[in-house]
Amino acid sequence: MSPNEASTSLIMIFGATGDLAKRKLYPSLYHLFRKGKLAKQFAIIGTARSPWTHEQFRENVKDSVLTSIGTNDQIDDFVSHFYYQPHDVTDTNSYIKLRELAAELDSKYSLNGNRIFYLAMAPEFFGTIADHLKADGLTDTLGFKRLVIEKPFGHDLESAESLNAQIRKSFAEEEIYRIDHYLGKAMVQNIEVIRFANAFFEPLWNNRYISNIQITSSEKLGVEERARYYEKSGALRDMVQNHMLQMVALLAMEPPIRLTTDEIRSEKVKVFRALRPIEGEEVDEYFVRGQYGQGTINADEVVSYRDELNVNPQSNTETFVAGKVMIDNFRWAGVPFYIRTGKRMTTKSTKIVIQFKDIPMNLYNRNEQLNPNLLVIHIQPEEGITLHLNAKKSGQNMQTNPVKLNFSNDGTNGINTPEAYEKLLYDCLQGDATNFTHWDEVALSWRFVDKISEVWEHQTQSQFPNYSAGTMGPKEAEQLVQKDGYFWWNITDLDVENC
Ligand code: NAD
């Protein structure tokens with residue numbers, strides 16, 4: 001086995017004909033294969049309801065690789081490892097057939113009984129599948145067994161607890177890999193390195209030097225075909241409970257004593273424990289929700305959320321959330337972490353802006369305030385870091401000018417940054433759960449979010465829609481930040497090409 005080659009394993013994908021498998025999993029596995037990061041001996045079983053043959057499945061995998069990557073070198077060799085088994089997740093006979101195929105491939109490819117079960121299916125099936133995997137003998141194996149679970153992990157704390165109790169009957173916590181694909185993104189993984197590998201950031205990384213932190217994750221797309229799920233979820237559950245709070249935790253955690261999964265997770269958990277609970281009447285003070293109305297995106301007129309397919313015309317589901325998150329510990333007391341996320345916004349972008357406190361006075365022009373120093377972490381679609389400083393430009397008197405130092409991960413250092421799913425699949429094959437969410441993180445983040453959704457569910461929201469498609473959300477989101485004396489940095493101005 002070469003040093004970066006992953007463990008030999010059988011990967012079973014439940015939901016193999018679905019959108020996630022086609023768009024993300026097959027292209028990511030192919031990338032790993034081409035880079036020599038999959039073990040020579042591996043096999044993949046796809047299962048779903050469609051009565052496909054192995055051959056049909058392989059054609060579909062080829063097609064998804066070609067569509068997504070545009071090349072298909074060695075594709076026949078790659079797809080020869082793929083097998084298909086029609087499956088009904090509630091039917092024991094299906095699992096027995098699957099067990100027989102798994103045993104056959106285990107011996108054909110010498111897989112040492114190592115198994116990864118990837119649940120790329122609707123969440124209501126997660127518990128049932130985990131039960132059957134154990135009851136029908138698929139987890140009786142001499143090698144490792146790992147369960148990879150897509151989001152959402154529950155709908156609130158109660159449902160998450162009951163799902164967790166159910167899957168824990170078949171898998172131990174260390175065998176469960178809960179996907180939060182943001183944790184596989186190159187620049188999210190870089191937050192830790194930027195903080196802990198640079199002498200000039202860590203000493204300033206606290207309430208003495210940082211005035212506020214802003215995390216924006218905006219989408220241009222509307223609800224698309226996901227309305228059935230989204231109507232019950234909304235932006236708070238879909239984005240804040242997982243991706244947004246995970247980014248907060250990575251920005252706020254203490255340096256771990258070692259870079260092990262347990263140490264890193266334990267520092268993140270401490271951040272979740274320090275989140276100030278926002279409940280009752282405070283919710284309106286700290287959080288704002290929005291729903292898009294009609295508007296213009298890329299010069300095209302688009303309909304309001306309530307006019308989208310499968311959306312209730314009176315829907316109160318939020319498509320936008322802005323919030324002020326406070327972390328009540330020594331390092332962060334008094335520093336607001338502003339988060340905002342939504343659909344049908346001006347631009348597709350995920351950025352973190354760390355705003356440093358103003359220096360005591362402007363020596364160069366006593367009548368003007370200097371621009372604050374900013375550290376901008378570009379998560380997507382651009383990947384990089386920008387540092388905003390004040391400097392003197394040549395030829396002028398002692399006049400200050402804002403200058404920007406840029407590092408673009410898409411440039412010379414970062415060609416072909418792997419997709420988040422590629423990294424996460426590789427980590428799972430290696431048995432590294434660091435970039436997956438531990439149950440404690442899931443539980444604490446639901447506890448935080450549930451208090452907000454409980455209040456929203458009991459309020460009759462009559463002002464929806466309250467922002468036009470193509471804008472950065474409702475005016476209340478601006479006010480949320482302004483009342484503390486700040487403003488949202490315009491994320492388009494912060495783009496690397498505008499720097
Ligand atoms: P999908 O609806 O496109 O696919 C569902 C798959 O499940 C299909 O292969 C279908 O045949 C299979 N299936 C459904 N009922 C079945 C049954 N009774 N027995 C056997 N197979 C059955 O869904 P998707 O978009 O691929 O999403 C899968 C999971 O991934 C969900 O949990 C979703 O929240 C999560 N997810 C998806 C994306 C994405 O980009 N699509 C992103 C993040 C998370």
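Whatever order the structure lists them in is the order used to number ligands and atoms, beginning at 1. These values consider heavy atoms only, across backbone and side chains, with no hydrogens, waters or symmetry-generated copies. Start at 1 with the first residue, then count along the sequence.
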Using 4.0 Å as the upper bound for N to carboxylate O, is an ion pair formed by Arg99 and Asp136? no

Please identify which atoms of ligand 1 are closer than 4.0 Å to at least one heavy atom of Pro123. 32 (O)

Please report which non-hydrogen protein atom sits nearest to atom 23 (O) of ligand 1, along with the residue it belongs to and the distance in Å to one decimal place. Asp19 N, 4.5 Å

I'd like to know if Ser94 contacts ligand 1, where contact means a heavy-atom distance under 4.0 Å to any ligand atom. no

Quick check on contacts: which atoms of ligand 1 are under 4.0 angstrom from a heavy atom of Ala16? 9 (O)

Kindly indicate, with the supporting measurements, whether the criterion side chain to side chain contact (heavy atoms under 4.5 Å, CB included) is fulfilled by Asn164 and Glu161. CA-CA 5 Å; Asn164 200 48; Glu161 275 173 339; 5.7 Å; no

Selection from Gly46, Gly18, Ala122, Ser233 by shortest heavy-atom distance to atom 4 (O) of ligand 1: Gly18

Do any nitrogen or oxygen atoms of Leu119 lie less than 3.5 angstrom from nitrogen or oxygen atoms of ligand 1? no

Can you tell me how the ring of Phe14 sits relative to the ring of His87, calling it parallel under 30°, perpendicular over 60° and tilted otherwise? perpendicular

Checking a contact table here: which protein heavy atom is nearest atom 31 (C) of ligand 1, and how many Å away? Met121 O, 3.2 Å

Cation-aromatic face contact Arg306/Tyr292, 6.0 Å, 45 degrees: no

Quick one: does atom 21 (N) of ligand 1 have a protein heavy atom under 4.0 Å from it? yes

Considering only protein heavy atoms, which is closest to atom 33 (C) of ligand 1, and at what distance to one decimal place? Lys151 O, 3.7 Å

Starting from atom 6 (C) of ligand 1, locate the nearest protein heavy atom and write down its residue, its atom name and how far away it is, to 0.1 Å. Gly15 CA, 3.5 Å

Determine whether Tyr182 and Ser217 satisfy the following criterion, side chain to side chain contact (heavy atoms under 4.5 Å, CB included), listing intermediate values before the conclusion. CA-CA 11 Å; Tyr182 269 56; Ser217 187; 3.0 Å; yes

Ring geometry between Tyr421 and His181 (parallel below 30°, tilted from 30 to 60°, perpendicular above 60°): parallel

Just need the protein heavy atom nearest to atom 9 (O) of ligand 1, so name the residue and atom and give the distance. Thr17 OG1, 2.6 Å

Which residue and heavy atom of the protein sit nearest atom 40 (O) of ligand 1, plus the separation: Arg23 NH2, 2.5 Å

Close approach of Phe125 to ligand 1, heavy atoms, under 4.0 angstrom: yes

Is it the side chain, the backbone, both or neither of Lys24 that has a heavy atom closer than 4.0 Å to ligand 1? neither

Could you tell me the residue and atom name of the protein heavy atom closest to atom 36 (N) of ligand 1, and the distance to it rounded to 0.1 Å? Glu150 OE1, 3.8 Å

Could you tell me whether Glu175 and Arg115 have a side-chain N and a carboxylate O separated by less than 4.0 Å? no

Would Leu20 count as a polar contact of ligand 1, with the cut-off being nitrogen or oxygen pairs under 3.5 Å? yes

Polar-atom distance check: Ser50 versus ligand 1, any N or O pair below 3.5 Å? no

Ala120: heavy atom below 4.0 Å from ligand 1, yes or no? yes

For atom 14 (C) of ligand 1, what is the closest protein heavy atom, and at what distance to 0.1 Å? Arg49 NH2, 3.4 Å

Taking Lys451 first and then Glu454, would you say they form a salt bridge - that is, a charged N and a carboxylate O separated by under 4.0 Å? no

I need the atoms of ligand 1 closer than 4.0 Å to a non-hydrogen atom of Pro152, numbered in the order shown. 34 (O)

Side chain to side chain donor-acceptor pair (under 3.5 Å) for Gln214 and Lys351? Distances and angles first, verdict last. CA-CA 8 Å; Gln214 303 184 3; Lys351 279 191 190 12; over 6 Å; no

Classify the ring geometry between Trp52 and Phe57 as parallel (under 30°), tilted (30 to 60°) or perpendicular (over 60°). tilted

Any N/O of His181 closer than 3.5 Å to an N/O of ligand 1? no

Validate the cation-pi geometry between Lys145 and Phe117: distance from NZ or CZ to the six-membered ring centre under 6.0 Å, angle to the ring axis within 45°. no

Looking at side-chain heavy atoms only, is the closest gap between Ile191 and Ile352 below 4.5 Å? yes

Closer than 4.0 Å to some heavy atom of Ala48 - which atoms of ligand 1 meet that? 9 (O), 11 (O), 21 (N)

Give yes if a backbone or side-chain nitrogen or oxygen of Val89 is under 3.5 Å from a nitrogen or oxygen of ligand 1, and no if not. yes

Qualifying residue, where the test is side-chain hydrogen bond (donor to acceptor under 3.5 Å, both in side chains) with Lys220 and the options are Thr347, Thr346, Asn298: Asn298

Is it possible for you to check whether Lys35 lies under 6.0 Å from the centre of the six-membered ring of Tyr426, through NZ or CZ, and within 45° of that ring's axis? no

